[in-house]
Engineer: 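Pasting a structure below so you can have a look.
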Amino acid sequence: MSARTAPALIVEPTADNIRRAADLLRAGELVGLPTETVYGLAADALDPVAVRKIFAAKGRPADHPLIVHLPDADHLPRWAASIPKEAVALARAYWPGPLTLILKRESGVPDEVTGGQDTVGVRVPAHPVALALLRVFDSGLAAPSANRFGRISPTTAAHVADELAGRLAMVLDGGPCEVGIESTILDLSRLAEHGPEILRPGAISPEDIAAVIGRRPHVRGEASAIDDAVVPRVSGALAAHYAPRTPLCLIDGVRLVEEASVLAGEGSRVAVLARTVADPHDARLIWRSAPATAAPYAHELYATLRELDALGADFIVVEELPRTLEWRAIGDRLGRAAVGSGGESDET
Ligand code: TXA
Ligand code: MG
């Protein structure tokens, strides 16, 4: 390689490259990090200047808090205060894994990470590359999903480069993310007043949580007595999020072919993401079949949406999902994708 060739942005997660990534993070740089949910854009969570770079790179408002990723639950007391026994039990049951806990913050956690709130989000990711980096780094990494604000979260290293090339120092390639949608966020910071509350659904369900703490958490968005004015800010909870640029609509399987054909008949290019409906082999429709069950559907969803978005079609039509428990987190993301699609959302 000549001296003038820029080093590769996407690198294999060798022991050397993981050490380099930790050095870059210690020097205040940003690194793309594979996790089991989606790729993160990581910075040293104790370095306010580095954390500010995350907001600039994503184009995200500075008062939106970030999740701190830890090597293991033993690090928790450095970040969280007044840790309830429920948090300890859940950490034991589901870490490493796709569960973020919102807890009272320790005083040393920078305001840049917490959005100035008195709480902090923490999780231990279940990805061997993330864990290897966190162990070498031996502290917390603040990492939101590695996409521009309001866009689809990345589930491969190439997606991260597409979103953020020129805005980060390195992307560790950990392959496609296994889960494919973001972690469950559980607020335990107001247990005494409000009980446990899920702020964002994910692979760890309310029932999974109930099985460990003996009570079912309230789920944000379901009927609630909590005053919306006092709830914490969660950008993933804005209606428009996870959005493709192409207008996206959800249509019942029974009417899928008919409605897609009507749209196409008006001279539009229509991409269809079906799940149970068979390809009608209509040349006017770009047809993709998604897995019929929830886990593989989630695993592929964001990559498929990116691919369909890149076709430059006039519409993306997605077959509606079952309204059962196992589809709830995926339905949440697709609902937001529909609201935010078409580039007209007020998040930029
Ligand atoms: O799976 C995930 O959680 C991924 C991977 C990279 O770990 N991360 C992720 O980060 O989705 P992000 O920033 O895109 O979404 C995290 C959400 C945001 O909506 C943020 O507002 C919320 O977590 N959050 C973080 N700290 C919080 C806090 N102290 N109180 C309330 N919400 C918080
Ligand atoms: Mg995000």
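Computed from heavy atoms alone, side chains included, the values below leave out hydrogens, waters and symmetry copies. Both ligands and their constituent atoms are indexed starting at 1 by order of listing. Keep in mind the model is a prediction, meaning the values are calculated, not measured.
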Engineer: Are L188 and I102 packed together at the side-chain level, in the sense that at least one heavy-atom pair is separated by less than 4.5 angstrom?
Structural biologist: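 A side-chain contact under 4.5 Å is absent here.
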Engineer: With respect to atom 18 (C) of ligand 1, which of R60, H64, E182, K58 exhibits the smallest heavy-atom separation?
Structural biologist: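 Among R60, H64, E182, K58, the closest heavy atom to atom 18 (C) of ligand 1 comes from R60.
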Engineer: May I ask you to list the atoms of ligand 1 that are less than 4.0 angstrom from any heavy atom of I185?
Structural biologist: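 Those qualifying, in numeric order: 17 (C), 22 (C), 23 (O).
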Engineer: Tell me the contacting part of T114 for ligand 1: side chain, backbone, both, or neither, using a 4.0 Å heavy-atom threshold, strictly below.
Structural biologist: neither
Engineer: Does only the side chain of L66 get under 4.0 Å from ligand 1, or the backbone, or both, or neither? Count heavy atoms.
Structural biologist: backbone
Engineer: Please determine whether salt bridge (Lys or Arg N to Asp or Glu O under 4.0 Å) holds for the pair E112 and K53, giving the CA-CA distance in whole Å, both sets of side-chain angles, and the decisive distance to 0.1 Å.
Structural biologist: CA-CA 10 Å; E112 283 77 1; K53 287 185 187 169; over 6 Å; no
Engineer: Are the side chains of L99 and L186 in contact, using a 4.5 Å heavy-atom criterion?
Structural biologist: yes
Engineer: Is there a polar contact, in the sense of an N or O pair closer than 3.5 Å, between Y39 and ligand 1?
Structural biologist: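 Checking ligand 1 against Y39, no N or O pair falls under 3.5 Å apart.
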Engineer: Just by modelled atom types, is the V270 backbone N or O under 3.5 Å from a matching donor or acceptor in the S268 side chain?
Structural biologist: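 A pair under 3.5 Å: no.
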Engineer: Could you go through R26 and D44, starting from their C-alpha distance and side-chain angles, then the distance that decides it, and tell me whether this counts as salt bridge (Lys or Arg N to Asp or Glu O under 4.0 Å)?
Structural biologist: CA-CA 7 Å; R26 285 188 196 107; D44 178 351; over 6 Å; no
Engineer: Spell out, yes or no, whether V318 and L311 are grouped together once hydrophobic residues are joined by side-chain heavy atoms under 4.5 Å, including indirect joins.
Structural biologist: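 Same cluster.
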Engineer: Is there an N/O/S atom in S145 at a distance below 2.8 Å from the Mg ion (ligand 2)?
Structural biologist: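 A backbone or side-chain N, O or S atom of S145 is under 2.8 Å from the Mg ion (ligand 2).
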Engineer: Between K104 and ligand 1, find which residue part has any heavy-atom pair under 4.0 Å and reply side chain, backbone, both or neither.
Structural biologist: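 Contact part for K104 vs ligand 1: neither.
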Engineer: Below 4.0 Å from any atom of ligand 1, is there a heavy atom belonging to R123?
Structural biologist: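 So R123 counts as touching ligand 1.
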Engineer: What atoms in ligand 1 come closer than 4.0 Å to a heavy atom of T37?
Structural biologist: 1 (O), 2 (C), 4 (C), 5 (C)
Engineer: OH/Y94 to CG/L101 distance, rounded to the nearest 0.5 angstrom?
Structural biologist: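 Here the interatomic distance stands at 11.5 Å.
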Engineer: Just going by heavy-atom distances, which of P61, G40, P65, G202 is nearest to atom 33 (C) of ligand 1?
Structural biologist: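 Among P61, G40, P65, G202, the closest heavy atom to atom 33 (C) of ligand 1 belongs to P65.
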Engineer: Measuring from atom 10 (O) of ligand 1, which candidate in S145, G121, P154 has the nearest non-hydrogen atom?
Structural biologist: S145
Engineer: Report yes if some heavy atom in the side chain of E36 is under 4.5 Å from a heavy atom in the side chain of P125; otherwise report no.
Structural biologist: yes
